[in-house]
Protein chains: 2
Amino acid sequence: MDIQKEKLTIQEVAKATGLTTHTLRYYERIGLIHPINREENTRRCYTTDDVGWINFLLKLRATGMSIKDMQRYAELQRQGDETLPERVQMLKALRENVEARIHELNENLSLVSYKIDLYSKIIEETMLEKS
Amino acid sequence: MDIQKEKLTIQEVAKATGLTTHTLRYYERIGLIHPINREENTRRCYTTDDVGWINFLLKLRATGMSIKDMQRYAELQRQGDETLPERVQMLKALRENVEARIHELNENLSLVSYKIDLYSKIIEETMLEKS
DNA sequence: CCTTGACTTAGAGCACACTCTAAGATGTAA
DNA sequence: TTACATCTTAGAGTGTGCTCTAAGTCAAGG
């Protein structure tokens with residue numbers, strides 16, 4: 001019984017990840033994705049594992065991690081388990097960074113909410129005066 | 001008794017806001033800041049109100065608002081109180097956007113934390129095996 | 001008076017992260 | 001076989017938000 005290793009075209013991966021084929025090739029070129037196997041022809045043949053990795057990359061990107069740092073992380077990942085400590089360090093730094101950003105966003109959110117309330121009151125009062 | 005209207009040079013405003021003089025002129029050029037009064041000479045002469053506005057702009061920027069939207073907001077602000085409803089709309093849209101981003105960051109933070117824990121365990125186990 | 005340094009403008013240049021183009025090879029349907 | 005779509009590569013172009021340069025003006029200190 002073969003392990004079901006689904007083979008995917010670049011189009012299918014694009015659909016599965018929300019990236020364009022351009023971006024998928026770009027990510028491979030700059031080392032965010034390992035060199036994808038080709039079929040007997042020259043075309044890329046992705047695995048479901050590749051899709052998993054790409055989706056994880058997208059999570060990292062969504063945290064605001066830079067391409068440079070993602071390149072470093074991807075390189076470490078390819079080097080295997082002995083790089084786990086350094087990857088954990090990167091993730092811890094990322095966590096702190098994200099926590100700080102969430103904190104800042106919450107502060108600014110308060111200011112925005114304050115302004116909304118303030119301006120809403122002024123608008124109400126102005127309408128009352130006019131009526 | 002004069003109202004104490006402090007006059008500030010571009011350098012002083014740069015220090016007060018953390019922006020460079022380049023960026024201050026750039027913001028004025030693109031309309032984020034109203035045309036700053038000049039003294040008898042041609043040099044910019046900021047008021048404390050201007051600094052207040054710039055610091056508010058920086059809060060908007062920190063929420064991820066685009067220059068384009070900040071330009072629109074600044075334009076509305078200069079037009080006076082009859083634009084308050086539209087400004088409130090912009091702020092409400094911003095609030096939703098920021099809330100969504102905080103939510104996404106929190107989700108990705110969970111994933112990052114999960115990976116940190118997982119990898120930390122693997123590292124521990126590996127060390128035990130070797131000892 | 002002369003040097004030094006901060007100011008002015010318009011516009012060029014940069015870093016980031018894509019995004020697209022050109023030109024050619026290959027696979028698929030009629 | 002003939003279209004036609006899709007793939008490939010290297011490399012050029014784009015949008016955002018600054019960031020810096022060049023060339024000139026102006027004011028104060030020695």
Side-chain angles (χ1 to χ4, degrees), chain A residues 7-47 50 53-75 94 97 101 104 108, chain B residues 7-47 50 53-75 94 97 101 104 108:
Chain A
K7 306 283 189 185
L8 299 161
T9 68
I10 195 168
Q11 290 293 350
E12 287 164 337
V13 175
K15 250 170 225 153
T17 60
L19 294 175
T20 65
T21 58
H22 290 302
T23 304
L24 284 169
R25 290 192 205 97
Y26 165 67
Y27 276 11
E28 185 176 336
R29 208 160 63 205
I30 66 173
L32 289 187
I33 305 171
H34 69 89
I36 299 294
N37 291 330
R38 311 305 176 99
E39 302 216 290
E40 67 285 346
N41 56 46
T42 60
R43 298 186 181 184
R44 285 173 181 79
C45 179
Y46 293 80
T47 68
D50 295 330
W53 169 248
I54 293 163
N55 280 326
F56 176 60
L57 276 184
L58 294 183
K59 303 283 188 190
L60 291 183
R61 188 182 66 167
T63 66
M65 188 184 267
S66 69
I67 292 275
K68 212 180 216 298
D69 285 351
M70 288 197 287
Q71 283 173 321
R72 177 72 185 144
Y73 193 95
E75 194 195 328
L94 179 63
N97 184 302
R101 242 154 349 104
E104 195 191 356
N108 290 325
Chain B
K7 305 284 189 184
L8 298 161
T9 67
I10 195 168
Q11 290 292 354
E12 288 164 338
V13 175
K15 250 168 227 154
T17 60
L19 294 176
T20 66
T21 57
H22 290 302
T23 305
L24 284 169
R25 292 192 205 96
Y26 165 67
Y27 275 11
E28 184 176 336
R29 206 159 65 204
I30 67 173
L32 289 187
I33 304 172
H34 69 89
I36 298 294
N37 291 332
R38 310 306 176 99
E39 302 216 291
E40 67 285 347
N41 57 44
T42 59
R43 298 182 181 187
R44 285 172 181 79
C45 178
Y46 294 80
T47 68
D50 294 331
W53 169 248
I54 292 162
N55 280 326
F56 176 61
L57 276 185
L58 293 184
K59 303 283 188 191
L60 291 184
R61 188 183 66 168
T63 65
M65 188 184 267
S66 70
I67 292 274
K68 213 180 215 298
D69 286 351
M70 288 197 286
Q71 283 172 321
R72 177 71 185 145
Y73 193 95
E75 193 195 327
L94 179 63
N97 184 302
R101 245 156 344 107
E104 196 191 355
N108 289 325

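Reckoned from all heavy atoms, side chains included, excluding hydrogens, waters and symmetry mates. The sequence lines fix the lettering, A, B, ..., with proteins before strands; numbering per chain opens at 1. In this text the structure is predicted, and so the values were computed from the model without any measurement.
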Asks: Counting primed atoms plus P, OP1 and OP2 as sugar-phosphate and everything else as base, spell out the protein contacts along nucleotides 5-15 of chain C at 4.0 Å heavy-atom distance: B, S or - for each nucleotide, 5' to 3'.
Replies: -BSBBBB----
Asks: Roughly how many Å is it from CD1 in A/I36 to C1' in D/dC7, rounded to a whole number?
Replies: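 After rounding, the gap between these two atoms is 15 Å.
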Asks: Report which part of the nucleic acid B/T20 touches: base, sugar-phosphate, or nothing (heavy-atom distance under 4.0 Å, all strands).
Replies: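 B/T20: no heavy atom of the nucleic acid under 4.0 Å.
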Asks: Between P on D/dG15 and NZ on B/K68, what's the gap in Å once rounded to a whole number?
Replies: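 The distance from NZ of B/K68 to P of D/dG15 comes to 11 Å, rounded to the nearest Å.
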Asks: Test your reading of the model: is there a side-chain donor-acceptor pair from A/E28 to the backbone of A/I36, 3.5 Å cut-off?
Replies: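 Flag set: sc A/E28 to bb A/I36 pair under 3.5 Å.
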Asks: Quick one: B/I67 CD1 to D/dC18 C1', roughly how many Å, whole number?
Replies: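 In whole Å, D/dC18 C1' and B/I67 CD1 are 8 Å from each other.
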Asks: At their closest point, which heavy atom of B/L24 faces which heavy atom of B/A14, and how far apart are they?
Replies: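 Looking at all heavy atoms of both residues, the shortest contact is CD1-N, 3.6 Å.
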Asks: For a salt bridge (Lys or Arg N to Asp or Glu O under 4.0 Å) check, start with the C-alpha distance between B/R72 and B/E75, then their side-chain angles and the critical distance, and finish with the verdict.
Replies: CA-CA 5 Å; B/R72 177 71 185 145; B/E75 193 195 327; 3.6 Å; yes
Asks: Kindly say whether B/G31 contributes a backbone atom to a donor-acceptor pair with the side chain of B/Q71 at under 3.5 angstrom?
Replies: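 Between the backbone of B/G31 and the side chain of B/Q71 there is no qualifying donor-acceptor contact (under 3.5 Å).
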Asks: What is the separation between atom CG on B/L19 and atom P on D/dC18, rounded to the nearest whole Å?
Replies: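 Whole-Å distance recorded here is 8 Å.
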Asks: Could you check how far CD1 of B/I30 sits from P of D/dC18, rounded to whole Å?
Replies: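 Those two atoms, CD1 and P, are 8 Å apart.
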Asks: Mind calculating the distance between OH (A/Y26) and P (D/dG13) to the nearest angstrom?
Replies: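 Roughly 17 Å, once rounded to whole Å.
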Asks: Give a yes/no answer on whether the side chain of A/Y27 brings an N or O atom under 4.0 Å of OP1 or OP2 in C/dA17.
Replies: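 No, no such contact exists.
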Asks: When the distance from CE of A/M65 to P of C/dC16 is rounded to whole Å, what number comes out?
Replies: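 Taking CE of A/M65 and P of C/dC16, I get 15 Å after rounding.
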Asks: B/L58 has an atom CG; how far is it from atom P of D/dG17, in whole Å?
Replies: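 Taking atom P of D/dG17 as the reference, CG of B/L58 is at 14 Å.
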Asks: Hey, is the main chain of B/M70 close enough, under 3.5 Å, to the side chain of B/R61 for a donor-acceptor pair?
Replies: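 Checking the backbone N and O of B/M70 against the side chain of B/R61, no donor-acceptor pair under 3.5 Å is found.
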Asks: Can you classify the ring geometry of A/F56 versus A/Y73 as parallel (below 30°), tilted (30 to 60°) or perpendicular (above 60°)?
Replies: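 Answer is tilted, since the angle falls between 30° and 60°.
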